[in-house]
Asker: 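The structure is given below, and queries will be raised subsequently.
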Amino acid sequence: MKTHSLTLTTPSDFHFWRTVYSHGWCSLPPFRVDKELASLHRLLELSDGTLVHCVITAPALEKLKISVQSGKPCSSRQQQEIRKQIRSCFRLDEDYAEFFQYVKHYPYYRWIAKLHTGRLLRSPMVFEDIVKMICTTNCSWALTEIMVNNFVESLGKKFNGGMHSFPTPEAIASTSDAFLRKEIHAGYRAPFLLEFSENVASHKIDIEAFRSENLSTDELYKQLRAIKGVGEYAASNLLRLLGHYDRLGLDSWTRGKYYELHHGGRKVSDTTIEKHYASYGKWRGLIFWSEMTKHWIKQKFPF
DNA sequence: GCGTCCAGGTCTACC
DNA sequence: GGTAGACCTGGACGC
C-alpha cells in the first residue's frame with residue numbers, strides 16, 4: 001500500500017466542517033466521517049479504474065490535506081485527477097463572494113456570511129448525486145442509507161478489504177429490476193434507477209455535462225425532470241448541487257422545519273413558503289437551505 | 001412475533 | 001392544470 005500526501009488551497013470563505021455537514025451526503029458511502037480523527041474519508045474511482053482511499057483534513061486555514069492510499073504509487077496525472085475530484089466535491093472553484101455579500105444586506109441572514117455556510121458537499125460524479133437523490137425520495141433517511149449501502153456493497157469495487165466505490169452506471173445497468181428490488185431494497189424505484197443507469201451507460205444522456213455546460217436553471221430543471229423518478233423535490237435539490245439556487249425543493253422535513261421556525265408549528269401552504277423566500281431571487285434556495293439547517297451547527301451536527 | 005397502519009415523493013390515468 | 005390512487009419499505013404501535 002502506497003501513501004501520498006496532497007494539499008489543496010481553499011478560498012478564504014471556505015469552512016471545512018460546515019461543508020462536510022451541509023447535508024446528509026457525508027454519511028452515505030463512499031463518504032464517511034471520522035469524528036475522532038476529524039476527517040472525511042472518501043473512496044474515489046479514477047477515470048482509469050484505479051481506486052484510491054482519501055482521508056481529508058483541514059489542518060490550517062485556507063488549506064486541505066489529502067492523505068491518499070493506493071495499491072501502486074499514483075502518477076502525476078492521477079494526483080491531478082484526485083485534486084480535481086476533491087475540489088469538485090467541496091465546490092472550491094465556485095465563487096460564493098457574491099452570495100455572502102448579498103446576505104449581508106439582510107440582518108436576519110448575516111450569520112450565513114459570518115459562519116460561511118452555503119457550500120454543499122457533492123459527489124465526484126453527477127451520476128452518483130442523482131442515484132442518491134432518487135434514493136431519498138418517498139422514504140425515511142434510514143431507508144436511504146440502506147439503499148445506498150446496498151448499492152456500494154453489492155455493486156461497487158472493493159478496495160483493499162475495506163471500503164467500496166460507488167457503482168458505475170454500467171454496473172447498475174447490468175443488473176435487473178428484480179435485483180434492485182430484492183438486493184438493494186429500491187422497491188418501486190427499481191425501474192427508474194435501471195432505466196436511468198442504462199441511459200447514462202449507453203450515452204443516451206450526458207449528465208456529467210450538467211456541471212460544466214452553461215445551462216439556465218429552467219433548462220437544467222427540464223432535463224432533470226425528464227429522468228424518471230426525479231420529481232420536483234429531487235430536481236430542485238439536484239439543482240443546488242449543480243450551483244443553481246433559485247428553487248426551494250420542499251419536502252416533508254423542510255416543510256416541518258419552516259412551520260416550526262416561522263409559524264410556531266402551524267401548517268401553511270407551499271405557496272406561502274415560496275412567497276416568503278421569493279424576494280431573495282437567485283439565492284433563495286441557498287438562503288432557505290442554510291436557514292433550515294442552521295440548528296445543525298449548534299447541535300454539533302446530527303449525522 | 002405478528003398484523004396493521006402510516007409517512008415519504010413520483011408517476012400515470014383521468015377529469 | 002389539477003387530483004386521486006398506486007407504488008414499496010421500514011418503523012411504530014397494539015395485541
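Chain letters run A, B, ... following the sequence lines, proteins first, then strands; residues in each count from 1. In this text the structure is predicted, and so the values were computed from the model without any measurement.
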Asker: Specify whether A:His105 and A:Tyr102 have parallel, tilted or perpendicular ring planes, treating 30° as the upper limit for parallel and 60° as the lower limit for perpendicular.
Answerer: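 Perpendicular.
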
Asker: What is the distance, to the nearest angstrom, from the CG atom on A:Leu250 to the C1' atom on B:dT10?
Answerer: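 Computing the A:Leu250:CG to B:dT10:C1' distance gives 16 Å.
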
Asker: Could you tell me whether the phosphate oxygens of C:dC8, OP1 or OP2, come under 4.0 Å of any side-chain nitrogen or oxygen in A:His185?
Answerer: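 For A:His185, the contact criterion (side-chain N or O under 4.0 Å from OP1 or OP2 of C:dC8) is not met.
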
Asker: In whole angstrom, what separates A:Asn138's CG from B:dG9's P?
Answerer: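 That distance rounds to 7 Å.
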
Asker: Nearest-Å distance, CG (A:Asp177) to C1' (C:dC8)?
Answerer: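 Going from A:Asp177 (CG) to C:dC8 (C1'), I get 12 Å.
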
Asker: Can you tell me the distance, in whole Å, between the CZ atom of A:Arg189 and the P atom of C:dA6?
Answerer: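 Value for this atom pair: 18 Å.
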
Asker: Ignoring hydrogens and angles, does a donor from either the side chain of A:Tyr233 or the base of B:dG8 sit under 3.5 Å from an acceptor on the other?
Answerer: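 By the distance-only test, no, there is no pair.
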
Asker: So does A:Ser252 get a side-chain nitrogen or oxygen closer than 4.0 Å to the phosphate oxygens (OP1/OP2) of B:dG9?
Answerer: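 For B:dG9, OP1/OP2 do have a side-chain N/O of A:Ser252 under 4.0 Å.
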
Asker: For the ring pair A:Tyr221 and A:His244, is the centre-to-centre distance below 6.0 Å?
Answerer: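 Between A:Tyr221 and A:His244, the centre distance exceeds or equals 6.0 Å.
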
Asker: Pick base, sugar-phosphate or nothing for A:Ile227, based on heavy-atom distances below 4.0 Å to the nucleic acid.
Answerer: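 Sugar-phosphate, no base atom in range.
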
Asker: Hey, is the main chain of A:Leu241 close enough, under 3.5 Å, to the side chain of A:Arg122 for a donor-acceptor pair?
Answerer: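 A pair under 3.5 Å: yes.
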
Asker: Name the closest nucleotide to the A:Leu143 side chain, picking from B:dG8, C:dG10, C:dC7.
Answerer: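 Of the candidates, C:dG10 comes closest.
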
Asker: Taking CG from A:Asp270 and C1' from C:dG1, how many angstroms apart are they, rounded to a whole number?
Answerer: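 Roughly 16 Å, once rounded to whole Å.
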
Asker: So, is A:Arg225 close to the B:dT10 phosphate, meaning a side-chain N or O under 4.0 Å from OP1 or OP2?
Answerer: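 Answer no for this pair, as no side-chain N or O of A:Arg225 is under 4.0 Å from OP1 or OP2.
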
Asker: Please report the interatomic distance NE2(A:His15) to OG1(A:Thr117), rounded to the nearest 0.5 Å.
Answerer: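 Taking NE2 in A:His15 and OG1 in A:Thr117, the distance rounds to 10.0 Å.
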
Asker: In this structure, how many angstroms lie between the P atom of C:dT9 and the CG atom of A:Leu193, rounded?
Answerer: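 Those two atoms, CG and P, are 13 Å apart.
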
Asker: Taking OP1 and OP2 of C:dC8, is either one under 4.0 Å from a side-chain nitrogen or oxygen of A:Arg181?
Answerer: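 Result: yes.
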
Asker: Would you indicate, yes or no, if B:dT10 has its OP1 or OP2 atom less than 4.0 angstrom from a side-chain nitrogen or oxygen of A:Thr137?
Answerer: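 False: A:Thr137 side-chain N/O out of range (4.0 Å or more) of B:dT10 OP1/OP2.
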
Asker: With a non-hydrogen cut-off below 4.0 angstrom, is A:Ala234 in contact with a base, only sugar-phosphate, or nothing?
Answerer: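 Answer is sugar-phosphate: A:Ala234 comes under 4.0 Å of backbone atoms only.
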
Asker: From C-beta outward on A:Lys228, which listed nucleotide comes closest to its side chain: B:dG9, B:dT12, B:dG8?
Answerer: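 Nearest to the side-chain atoms of A:Lys228, counting from C-beta on, is B:dT12.
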
Asker: Take atom CG of A:Leu180 and atom P of C:dT9, then tell me their distance rounded to the nearest Å.
Answerer: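 Spelled out: CG on A:Leu180 to P on C:dT9 is 12 Å.
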
Asker: For A:Tyr188 and B:dG8, give me the distance from atom OH to atom P, rounded to whole Å.
Answerer: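 Value for this atom pair: 13 Å.
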
Asker: Got a donor-acceptor contact below 3.5 angstrom from the A:Arg18 side chain to the A:Leu115 backbone?
Answerer: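 Yes; judged by distance alone, with no hydrogens or angles, the pair exists.
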
